[in-house]
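The structure appears right after this line, and notes come after that.
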Protein chains: 2
Amino acid sequence: MNVKQEPGSPAREPRRRAGRPRSVVLDRELIAQAALKLVTTGGYASLTMSGVAKSLSVSPSALYNHVESKQELMQWIQEIVMDGVDSTVFETLPLAEALMAWAVTYRDVLAGHAPLIPLIAVLPVSGSPHTLEMYEKVAAGFARAGWESAQIVPAIVAIESFIFGSALDVTAPLDIFDPGPNAGKIPKFESALAAQRASGQPSADAAFNTGLRAIVGGLVGSGDRRH
Amino acid sequence: MNVKQEPGSPAREPRRRAGRPRSVVLDRELIAQAALKLVTTGGYASLTMSGVAKSLSVSPSALYNHVESKQELMQWIQEIVMDGVDSTVFETLPLAEALMAWAVTYRDVLAGHAPLIPLIAVLPVSGSPHTLEMYEKVAAGFARAGWESAQIVPAIVAIESFIFGSALDVTAPLDIFDPGPNAGKIPKFESALAAQRASGQPSADAAFNTGLRAIVGGLVGSGDRRH
DNA sequence: ACCTGAACACCGTTCAAGT
DNA sequence: ACCTGAACACCGTTCAAGT
C-alpha cells in the first residue's frame, strides 16, 4: 500500500554549507511530514501554520510559497493517512470478508484522525490518486462478486458512511452514555447499558463489530443484487 | 417531541421604558435562538460570539455572563437540533420499521448541521435530558422486540454511526467521485459510477437507502439475537 | 447582577522588502 | 525563487470599570 521512495532516484540533497545553522529547504513532502508529526504528537489542536513553520525553523509566511492554505495542508495529511488503508484484501478474499477486513483498517486509520473525517467525507477524490485506486479495488471486488453496476457505488458509500461514523465514535469518552442526574428516569436504556458494560467491551468496539457484520451481511448476504 | 412553552406561566416580560432603543435582556433561551438563527441563515462559518452578540445588540463579552464558552453554546444548539428527531415511532411501529423511520428523521435533522456531528458523537448525553429520552424510547423498542439486553446498546450505536456518517455525506458535492485527470485509469469504478449516475438519484441518498436497509435488515432480520 | 470597552493571546493569510 | 518581518482582519475569552 505505501509507495516507497524509489532507490533509483537519489533525491539529491541540496548541499548545505557546514557550521551555520540554517533553515530547511522547504517542499511539499517536508511540510506534509512536519504537519503529520505535529498532529501525531499533539493532536489536531496543535496543527497551526505557526506550529508547522516553527518545527521547520521557518517563518509562517514561508509556508505559503508551497501550500495554498491550511485546508490544502490538511488534504496532504489526508492523503498520507488514507495511504494506510489496506485495500489489497479485495484481490485475495471473497467480497464479504474483504469488506470487513478493509473496514477494520479504514476505521483504525481514521480513528486517530477524527478531525479529518468531515473533510474526507466532502473532499473530491480527483485530487487523490491513491484514494481513487482504493475505490477501483473495492469496485472491482463488487464486480467480481457479480454485483450489478448501478448498485456498487451506493454500497461502497454506505459502508464508508458507517466507517466514518464509527471512527468518530472511537473518540467518544467511555462514559458517554452515563445518565448523570437523570439516572433512574430511563430504566430500559439503563439496563441495556448495564448489560453492555458487563461485557467489558468498549461500546464503540462492540458497536463497530455488530454494525459491520450487519451492514456487510445485509448487503452481501442476500442475493437479490446480482444480475 | 418539541416541548412547548407552558401557557400557564406567563413568562413575565421585564417591562421596558418606551422610546429608548435598548439592548435585550439576555438569557439562555434568547442566546440559543439567536445562535440557531445565525447558523440557519449563514451556516456554521458565521457562528461567532461577535456575530451572536451583534444580532442581540449586545457586546460579545456580555454573552459570557450566560454561557461559559462557545462550546457550551454549540451544545445548546445541539439540544435544539436533536429535539427535531422523531423517536415516537418506536411506540407505534415494529422495530425494523421504527428504526428506519427514526433514522430518516435523524439523518435529515443532522444533514443541515454537519459541524455538530463530531460534537454530538463525543458529547456525554448526561447534559441533554431529551437525548436521553430518545435513547430510552429506542431501547424500549429493542426490548419490546425481544432483544437481549447486552446487544441493545451496540445495535443503537451502530445505527447511529451509520446515520452520522450518512449525514456528513449529504454535504458532499455531487461530483465528489469525479476522477478528474485520472479518468480512464480506474475502469471498474468509473463504470460503476456511470451506472449509478444513470439512475438519477444523488449517490448520498442511494447510499443511505441501501445502507439503512442493509444494516437494519442485518440487525433485526436474523433472529439469533433474541433470547 | 449584568453590561461595556479595552485588552490579551492567539488564528490564517497577505505583501513589500530583501537575497 | 523563496524567505523574513510587519501588518491585517479576524477569533474566543478575560477583566476592571461602570450601573
Side-chain angles (χ1 to χ4, degrees), chain A residues 11-17 19-36 38-39 41-78 115-116 118-119 123, chain B residues 11-17 19-36 38-39 41-78 115-116 118-119 123:
Chain A
R12 103 173 56 173
E13 289 261 324
R15 63 206 62 190
R16 48 189 73 179
R17 292 183 211 92
R20 189 154 60 92
R22 50 178 309 291
S23 55
V24 198
V25 178
L26 295 181
D27 66 4
R28 175 185 157 138
E29 191 63 18
L30 228 40
I31 294 173
Q33 290 300 338
L36 186 60
L38 208 62
V39 162
T41 312
Y44 278 86
S46 74
L47 180 64
T48 65
M49 298 304 275
S50 298
V52 174
K54 190 170 195 176
S55 81
L56 292 166
S57 306
V58 123
S59 86
S61 54
L63 298 175
Y64 288 88
N65 289 309
H66 303 89
V67 67
E68 216 159 84
S69 62
K70 184 182 179 181
Q71 176 85 358
E72 192 185 36
L73 177 53
M74 289 183 71
Q75 291 177 26
W76 294 355
I77 298 177
Q78 173 259 345
L116 288 183
L119 182 75
L123 212 61
Chain B
R12 102 173 58 174
E13 290 261 325
R15 64 207 63 191
R16 46 188 74 178
R17 293 184 212 92
R20 189 153 63 89
R22 49 180 309 290
S23 55
V24 198
V25 178
L26 294 181
D27 65 5
R28 174 184 159 139
E29 190 64 18
L30 228 40
I31 294 173
Q33 290 300 338
L36 186 60
L38 208 61
V39 163
T41 312
Y44 277 85
S46 74
L47 181 65
T48 65
M49 298 303 274
S50 298
V52 174
K54 189 169 196 178
S55 80
L56 291 166
S57 305
V58 123
S59 87
S61 55
L63 298 175
Y64 289 88
N65 289 310
H66 302 91
V67 67
E68 218 159 82
S69 62
K70 185 183 177 181
Q71 176 85 357
E72 191 185 35
L73 177 53
M74 288 184 71
Q75 291 179 28
W76 294 354
I77 298 177
Q78 174 258 347
L116 288 183
L119 182 75
L123 211 61

Spacing of [X] atom [atom1] relative to [N] atom [atom2], expressed in whole Å:
| X | N | atom1 | atom2 | result |
| --- | --- | --- | --- | --- |
| A:N65 | C:dC15 | CG | C1' | 11 Å |
| B:D27 | C:dA1 | CG | P | 17 Å |
| B:L63 | D:dC11 | CG | P | 13 Å |
| A:R28 | D:dC2 | CZ | P | 16 Å |

Enumerate all atom pairs, one protein N or O and one N or O from nucleotides 12-14 of chain D, separated by less than 3.5 Å.
residue	atom	partner	partner atom	Å
D:dG12	OP1	B:M49	N	3.4
D:dG12	OP1	B:K70	NZ	3.2
D:dG12	OP2	B:M49	N	3.1
D:dT13	OP2	B:Y64	OH	2.7
D:dT13	OP2	B:K70	N	2.8
D:dT13	O5'	B:Y64	OH	3.3

Applying side-chain contact (heavy atoms from CB on, under 4.5 Å), can you list everything that pairs with [X], at least two apart in sequence or on another chain?
| X | value |
| --- | --- |
| A:L123 | A:Q75, A:Q78, A:L119 |
| B:S46 | B:L38 |
| B:P60 | B:S50, B:A53 |

Could you grab the distance from atom CE of B:M74 to atom CG of B:L36, nearest 0.5 Å is fine?
->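 B:M74 CE to B:L36 CG: 11.5 Å, rounded to 0.5 Å.
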
B:S59 side chain, from C-beta outward: closest of C:dT4, D:dC3, C:dC3 |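 Closest of the options to the side chain of B:S59: C:dT4.
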
Please determine if a side-chain N or O atom of A:H66 lies less than 4.0 Å away from the OP1 or OP2 oxygen of D:dA1.
-> no

State, to 0.1 Å, how close A:D27 and A:L30 come at their nearest heavy-atom pair, and which atoms those are.
->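 Closest heavy-atom pair between A:D27 and A:L30: OD1-N, 2.8 Å.
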
Tell me, which pairs form a salt bridge (charged side-chain N to carboxylate O under 4.0 Å, His left out) where one or both residues lie in residues 66-76 of chain A, sequence neighbours left out?
-> none

Mind checking side-chain hydrogen bond (donor to acceptor under 3.5 Å, both in side chains) for A:Y64 and listing every partner two or more places apart, or none if nothing turns up?
->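 Per chain and number, A:Y64 pairs via side-chain hydrogen bond (donor to acceptor under 3.5 Å, both in side chains) with no residue.
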
Across all chains, not counting sequence neighbours, the side-chain hydrogen bond (donor to acceptor under 3.5 Å, both in side chains) partners of B:S59 are B:S61

Got a minute to check which stems DNA chain C is part of, using Watson-Crick or G-U wobble pairs under 3.5 Å, three or more consecutive?
->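 Output for stems: C:4-8 with D:12-16, C:12-16 with D:4-8.
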
